[in-house]
Visitor: 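Please read through the structure below; I'll follow up with questions.
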Amino acid sequence: MAQVKVGLQGVAVAESQICSIDGEQGRLRYRGYDIHDLAAHSTFEEVVYLLWEGRLPKRHEMDVLREDLSQNRAVAAPILDVIRRHPPAQHPMEMLRTLVSALSLYDAESEDMSTEANRRKAMRLTAQMPTLVAAMGRMSRGKDPVAPASRLSHAANFLYMLSGEEPRPEDARCFDVALILHADHSFNASTFAARVTASTLSDMHSAITSAVATLKGPLHGGANERVMRMLLEVGSVERAESYVRGTLDRKEKVMGFGHRVYHTEDPRATVLRKMSEEVGRRAGQPHWFEISRAIESLMRRETKLNANVDFYSASTYYALGIPVELYTPVFAVSRIAGWTAHVLEQYAANKLIRPLAEYTGPLEQSYISVEKR
Ligand code: COA
């Protein structure tokens, strides 16, 4: 009898050279580089190169990738028509899943499984994801999409396509760091889903569609949106205590706390805490950070639980002017880097992922005709 590990908890299902997590020490590294170092010194584009290629780019390699990403941001007009012509999505992730899948119909290499074509598709999907999310955000408010600006960085261009105005350089840099922090997290559920799909030698767009569909679930993406709705409901530092106590007394979870892997502070939360304070102050909205701080210290005192990546990303995104319902799609704008890196790694040494189930139903049943049942 095979041993069952429910939820694959604690099971290593493959070797990978992309991302390592030390849950005891609170360390996260991409290709051996500490997330704090990358957040302080790198850019999202550089991290994309690192995740795909396994090393930091030389200057000209960086220039080529930047150019490729900025020249491939536009999506075919019929893709935007999908948003226009269909009933409004009940949640933007419903639309994003559909759009990512539709992209393959307009990708001339969708069925080309050569390594070179798969790398180009990874690049195009990474370039196009912000365009989809910004267009969804604008069109759901009755506004026209804004065409991408190739002169802007990946992060600045997303904020520009969303608001129609070029962001302050400091805000663009904060969003850039947020993208770096969310770019990969080893075999999380959506990445694993992408790798399962890739392991059947299905195409890149199919694998990424699986990932987006998996990110949609409230146990995975989505917690940052709920954190912001909580902050809006709490509304003031004075109300934080009664909110937290009430939630815990009802045995409900306070969103943005706890983690399956980290038993100490999530290193991404450390960086985001500072950013939330900085962006909030600049936007003239310091109270979201102050309410967050109050909730965090109450949670530490009452439960010993630490804030996770979603807790301070909520107030950071809010102060950057990102609509709350777009927080999970924004996760995909960043995680596409990790998803595609993992799909490329899966293709490079593929083995079909096909686990067993321990059958616990009845055995040896005799067929009974429908008249006699
Ligand atoms: N608020 C209050 N209590 C929490 C909590 C939270 N955010 N997270 C965990 N706990 C409590 C649980 O109620 C449980 O208590 P019990 O042992 O008395 O039943 C204990 O801590 C263990 O939690 P559990 O949900 O079993 O751990 P897990 O490893 O399966 O789940 C999470 C990890 C992240 C899913 C969980 O902490 C959670 O739901 N957090 C809120 C959602 C969130 O922020 N998700 C984003 C993750 S990056």
Side-chain angles (χ1 to χ4, degrees), residues 4-12 19-24 26-28 30 35 39 91 93 178-193 211 214-234 240-273 275-276 288 291-318 324-335 338-339:
V4 177
K5 294 269 190 173
V6 178
L8 293 179
Q9 190 166 355
V11 178
C19 175
S20 62
I21 304 171
D22 180 338
E24 302 306 321
R27 302 283 302 268
L28 167 62
Y30 298 160
I35 196 69
H91 193 280
M93 286 301 281
L179 292 179
I180 292 171
L181 297 175
H182 289 82
D184 196 48
H185 212 226
S186 186
F187 270 52
N188 57 91
S190 57
T191 302
F192 185 52
T214 308
L215 184 70
K216 180 174 181 290
L219 293 185
H220 186 7
N224 52 10
E225 176 180 340
R226 284 158 190 243
V227 170
M228 196 60 227
R229 300 208 186 280
M230 167 177 78
L231 296 179
L232 290 165
E233 192 185 331
V234 173
E241 177 145 12
S242 62
Y243 179 92
V244 170
R245 282 195 194 290
T247 308
L248 295 177
D249 286 350
R250 290 193 301 277
K251 305 265 175 250
E252 289 170 12
K253 284 181 171 170
V254 178
M255 288 293 119
F257 289 88
H259 201 277
R260 175 65 70 78
V261 183
Y262 294 114
H263 301 299
T264 179
E265 178 156 297
D266 179 334
R268 302 166 297 175
T270 318
V271 181
L272 283 158
R273 185 185 293 107
M275 284 201 335
S276 160
W288 303 120
I291 300 169
S292 303
R293 272 308 253 172
I295 294 175
E296 185 184 30
S297 56
L298 285 161
M299 284 297 285
R300 278 229 179 99
R301 203 173 69 207
E302 301 291 320
T303 67
K304 307 237 178 326
L305 287 170
N306 290 300
N308 59 43
V309 67
D310 293 306
F311 190 63
Y312 283 106
S313 61
S315 45
T316 303
Y317 291 165
Y318 199 79
V324 179
E325 74 277 7
L326 286 190
Y327 289 8
T328 313
V330 164
F331 199 141
V333 167
S334 168
R335 189 54 62 83
W339 289 334

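Remember, it's 1-based here, ligands and their atoms both numbered in the order they're listed.
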Visitor: I'd like to check the ring-ring contact (aromatic ring centres under 6.0 Å, His included) partners of Y262; sequence neighbours left out, ordered by chain and number.
Guide: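 Listed in chain order: H185, H259.
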Visitor: For Y30 and L181, indicate whether the former's side chain and the latter's backbone hold a donor-acceptor pair under 3.5 Å.
Guide: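 Confirmed, Y30 side chain pairs with L181 backbone.
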Visitor: With a 4.0 Å cut-off on N to O distance, would you call R229 and E225 a salt bridge?
Guide: yes
Visitor: Using modelled atom types and a 3.5 Å cut-off, is there a donor and acceptor pairing between side-chain atoms of S186 and backbone atoms of S20?
Guide: no
Visitor: Is the number of heavy atoms from other residues, nucleotides or ligands under 6.0 Å of Q9 CD greater than 12?
Guide: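 No, because the 6.0 Å sphere around CD of Q9 holds 12 heavy atoms or fewer from other groups.
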Visitor: For ligand 1, run through the N/O pairs with the protein that fall under 3.5 Å and put one pair on each line.
Guide:
from     : atom 1 : to   : atom 2 : distance (Å)
ligand 1 : 1 (N)  : V254 : N      : 2.9
ligand 1 : 7 (N)  : V254 : O      : 2.7
ligand 1 : 7 (N)  : F257 : O      : 2.9
ligand 1 : 25 (O) : K253 : NZ     : 2.5
ligand 1 : 29 (O) : R260 : NE     : 3.1
ligand 1 : 30 (O) : R260 : NH2    : 3.4
ligand 1 : 37 (O) : F257 : O      : 3.3
ligand 1 : 39 (O) : K253 : NZ     : 3.0
ligand 1 : 40 (N) : F257 : O      : 2.9
ligand 1 : 44 (O) : G256 : N      : 2.8
ligand 1 : 44 (O) : N308 : ND2    : 3.0

Visitor: Could you tell me if S276 and W288 have a donor-acceptor pair between their side chains, going purely by distance under 3.5 Å?
Guide: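 Not at all, the side chains of W288 and S276 share no donor-acceptor pair under 3.5 Å.
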